[in-house]
There are 2 protein chains.
Amino acid sequence: MNENIAESQPSVSELRRDRERAELTERIMDAAREMFVREGYEAVTLRKIALAVQYSPGTIYQYFKDKGALVRAIIRRDSQDLREHLLEEFTLENPVEQLVEMARRYAAWGIAHPNHYRLMLVPPPAWAEQDRELHEHQHTPLERQLLSVLHVVVKNAIERGSLKAKYTEPALVAATLWAGIHGAVLLEIGMATNDRALIGGTDTPFEARFNTLKEVFLDGFLKDEAKPAQ
Amino acid sequence: MNENIAESQPSVSELRRDRERAELTERIMDAAREMFVREGYEAVTLRKIALAVQYSPGTIYQYFKDKGALVRAIIRRDSQDLREHLLEEFTLENPVEQLVEMARRYAAWGIAHPNHYRLMLVPPPAWAEQDRELHEHQHTPLERQLLSVLHVVVKNAIERGSLKAKYTEPALVAATLWAGIHGAVLLEIGMATNDRALIGGTDTPFEARFNTLKEVFLDGFLKDEAKPAQ
DNA sequence: GTATACTCTAAACGCTGTTCAGGAGGCGAT
DNA sequence: ATCGCCTCCTGAACAGCGTTTAGAGTATAC
């Protein structure tokens, strides 16, 4: 044992062990993610996850403290992915256009992955109780991350004088924007999963609702002279 | 046995039996509602409910088919209550004012009863699978009911010419309004339950967010000459 | 070769929702 | 008054859940 040296270099077997550990961690998360997204949180059992990765149930507990920690780890990673997806390839220097495009990406993602969306953004307070874990390592909940991303862009728009004079507080504007988009996505998800040939055809396609929301927000927030050309 | 008469009048003991059945049904629902609202769906066990009403667990199953049916029955009843609360005492003949007041009541109710709100409006797809039950007896899901209430008032506003000319479809406007309010309520609920002294004080009170949403919707939807006096 | 550290498993625990055979007791008919 | 019926309710049981733990098995370190 070379404990005498305070922090010695890791041996080759230690390296392999660490790598194998990381790989199994990954395999578990991947299998669990797929099941959570397909069947929802409480329909997925640890035993099924263990079966999928071909280990005994107890083994999972050497990689994740409990079922909640597993789902939280998945959420943490996927939140980061969504966040990067929203910010990807932005060369638009116009913050208003950027906001519209981000909203479009966000909504498209949520509708394409309804269970995933619910998992990350509508946590039943069950697993949120010990969310120390989610907050640590500069990991604020996704909702917060999104708000702070919006905050930056909105602040940019305000500084350029695109918004009406009465909207001076970026946090307020960002929260309003996010509330609208979030509500629209949830409405679409709910209607898509709950309804099969429901009452009279008063239904409207999501595209139309999204555009209405966009119009209203643009008309409501922007100065008349700052509105984009039709 | 008086089977010869097709439908005879119920005997006195039958009446008492039916009444007692209805009373116990009520007691179960009341106890369960309180627990669901306080602790959330999956934290409440049938055994605890049975204990609260002082019957054995099996007895519950003579009154409700299973746990999902019980919570669905509660949701059905409370949905009606909320719906009536929103429409209560309306003498306002101005549909725009009515919409604002309804939104205010709705948001206040949701924030005052966060668990109740989530229970009724953000069902994890678990118990929504067999929602035949929720749809029957002209009971559409609450979300639908709210949209149709909004639909009527919005249609009224459109017919009075209060909205900009490009908004001709009440369903579209109603969906947008509801999405915004729903999102705002969920954001408030999430921030209130998740956060205890979080990152920098970028927080805004709900009142301010609600007013911003109101301003934007009024500015966005209404003709300039139809806006209420400040 | 022996001791050590680690990983994984099998079994068990207490809990859950749910089912079911059977006891208890009031009711209507004889 | 007695008999059978019908309803309500219970206690025990079942399978499945998340989770814990003692220990077998194996690779590493000395």
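By convention in this document, chain letters (A, B, ...) are assigned in the order of the sequence lines, proteins followed by strands, and residues within each chain are numbered from 1. None of the values given here were measured: they were computed from a predicted structure.
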Any B:Ser56 side-chain nitrogen or oxygen under 4.0 Å from OP1 or OP2 of D:dT10
yes
Grab the CD1-P distance between A:Ile49 and D:dC17 for me, whole Å please.
11 Å
With heavy-atom distances below 4.5 Å as the criterion, would you say the side chains of A:Leu146 and A:Val149 are in contact?
no
Just the rounded figure in Å: distance from C1' of D:dA15 to NZ of A:Lys48.
14 Å
For the pair made of CG in A:Leu51 and C1' in C:dA10, what is the distance, rounded to whole Å?
15 Å
Presence of A:Tyr55 side-chain N/O under 4.0 Å of C:dT7 phosphate oxygens OP1/OP2
no
Proximal nucleotide (of D:dT19, C:dC8, C:dT18) relative to the B:Asp66 side chain
C:dT18
By a strict heavy-atom criterion of less than 4.0 Å, which residues belonging to residues 20-28 of chain A are in contact with DNA chain C?
A:Arg21, A:Leu24
Rounded to the nearest Å, what distance is computed from the CD atom of residue A:Gln62 to the C1' atom of nucleotide D:dA24?
14 Å
Sugar-phosphate only, base, or nothing, as touched by B:Tyr63 at under 4.0 Å among non-hydrogen atoms:
sugar-phosphate
Have a look at B:Val12 and say if it touches a base, only the backbone sugar-phosphate, or nothing, with a 4.0 Å heavy-atom cut-off.
nothing
Assign the ring pair B:His116 / B:His113 to parallel, tilted or perpendicular, where the plane angle (0 to 90°) is split at 30° and 60°.
perpendicular
B:Arg47 has its side chain closest, among C:dT9, D:dT19, C:dT16, to C:dT16
Residue whose closest nucleotide on DNA chain D lies nearer the 5' end, B:Gln54 versus A:Tyr61
B:Gln54
Looking only at side-chain N and O atoms, does A:Thr45 come under 4.0 Å of OP1 or OP2 in D:dC17?
yes
Would you kindly check if the NZ (Lys) or CZ (Arg) of A:Arg104 is within the cone defined by 45 degrees around the ring axis of A:Phe210 and under 6.0 Å from the six-membered ring centre?
no
Salt bridge (Lys or Arg N to Asp or Glu O under 4.0 Å) with B:Glu88: which residues, sequence neighbours excluded?
none
Tell me: CZ of A:Arg17 to P of C:dC8, nearest whole Å?
11 Å
Are B:Tyr41 and B:Asn115 close enough that some pair of their side-chain heavy atoms sits under 4.5 Å apart?
no
Expressed as a whole number of angstroms, how long is the span from B:Lys65:NZ to C:dT18:P?
8 Å
Sequence neighbours excluded, the answer for salt bridge (Lys or Arg N to Asp or Glu O under 4.0 Å) partners of B:Lys48 is B:Glu39
Grab the CD1-P distance between A:Ile60 and D:dC17 for me, whole Å please.
13 Å
Rounded interatomic separation in angstrom, taking CE from B:Met35 and C1' from C:dT16:
14 Å
Report the relative orientation of the aromatic rings in B:Trp109 and B:Tyr117; use parallel for angles under 30°, tilted for 30 to 60°, perpendicular for over 60°.
tilted
